[in-house]
Amino acid sequence: KDGGINTQNLQHEIAMVLYPNPATQHLIIDRRQPSKAKLFIKNTIGQVVYEQQLSKANEFVDIAQLAPGLYLLMLSTEDGGLATKKFVMH
């Protein structure tokens, strides 16, 4: 190995705003660039409790079925973009 960095596997961070936080019924995900993305919501023990495909810059996510608690929202795009945000469900 030459110790170089393999840039093909590097991920870049997606600019994303998540609100309201804490949430009660829904979340709004505001991304700067509309693109196809996969949304995952995980609970505190790492289980995926919600998945959704996204395509718009501004997305409404209905989370009324989630139990109160702390969650991790992860967003990944086809080009390797990644965003992670924590939110509280009341």
Side-chain angles (χ1 to χ4, degrees):
K1 282 198 162 229
D2 62 3
I5 296 175
N6 181 354
T7 56
Q8 286 182 316
N9 293 329
L10 289 180
Q11 295 180 324
H12 62 278
E13 190 169 342
I14 301 168
M16 175 181 76
V17 178
L18 177 68
Y19 61 92
N21 191 6
T24 55
Q25 299 289 318
H26 69 275
L27 291 170
I28 304 290
I29 299 172
D30 185 8
R31 297 184 291 151
R32 303 295 177 243
Q33 297 291 329
S35 62
K36 287 187 179 180
K38 182 80 173 193
L39 165 75
F40 297 94
I41 296 177
K42 294 184 178 184
N43 62 17
T44 55
I45 59 173
Q47 295 171 315
V48 175
V49 295
Y50 185 87
E51 292 181 44
Q52 182 177 326
Q53 291 286 348
L54 305 179
S55 60
K56 299 180 284 187
N58 226 327
E59 295 272 358
F60 179 91
V61 180
D62 181 0
I63 56 167
Q65 77 282 4
L66 296 180
L70 179 65
Y71 291 90
L72 183 67
L73 183 142
M74 300 173 68
L75 193 65
S76 63
T77 59
E78 294 173 338
D79 66 353
L82 183 66
T84 305
K85 300 276 186 186
K86 292 179 185 173
F87 72 93
V88 174
M89 177 68 176
H90 277 193

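When reading the values below, keep in mind they use all heavy atoms of this one structure, side chains included, and skip hydrogens, waters and symmetry mates.
Residues in residues 62-77 take part in these side chain to side chain donor-acceptor pair (under 3.5 Å) pairs, two or more places apart or across chains: Thr77-Asp79.
Between Leu54 and Ile29, the shortest heavy-atom distance links the atoms CD1-CD1, 4.2 Å. Of all heavy-atom pairs spanning Ala57 and Pro34, the tightest one is N-CB, 3.6 Å. Heavy-atom minimum distance, Lys86 versus Leu72: CG-CD1, 3.9 Å. Of all the heavy atoms in Arg31 and Lys56, the pair that sits closest is NH2-O, 2.8 Å.
In this structure, Leu82 is not a member of the same hydrophobic cluster as Phe40, with clusters built from ILVMFWY side-chain heavy atoms closer than 4.5 Å.
Using a 4.5 Å heavy-atom threshold, the side chains of Arg32 and Val17 count as touching. The closest side-chain heavy-atom distance from Leu73 to Val61 is not below 4.5 Å.
Atoms CG and CD, on Leu39 and Gln53 in that order, are 9.5 Å from each other to the nearest 0.5 Å. Atom CD1 of Ile14 is separated from atom CD of Gln33 by 11.0 Å, given to the nearest 0.5 angstrom. For the atom pair CD1 of Ile28 and CG of Leu18, the computed distance is 9.5 Å after rounding to the nearest 0.5 Å. Note that CD1 of Ile41 is 8.0 Å distant from CD of Gln52, once rounded to the nearest 0.5 Å. Interatomic distance, Leu66 CG to His26 NE2, rounded to the nearest 0.5 Å: 13.5 Å.
Applying the salt bridge (Lys or Arg N to Asp or Glu O under 4.0 Å) test to Lys38 and every residue at least two apart in sequence or in another chain returns Glu51. Listed by chain and residue number, Val88, His90 satisfy the side chain to side chain contact (heavy atoms under 4.5 Å, CB included) test with Pro22 (two or more places apart in sequence, or in another chain).
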message: Run Tyr50 and Leu27 through side-chain contact (heavy atoms from CB on, under 4.5 Å) and show every step you take.
response: CA-CA 12 Å; Tyr50 185 87; Leu27 291 170; over 6 Å; no
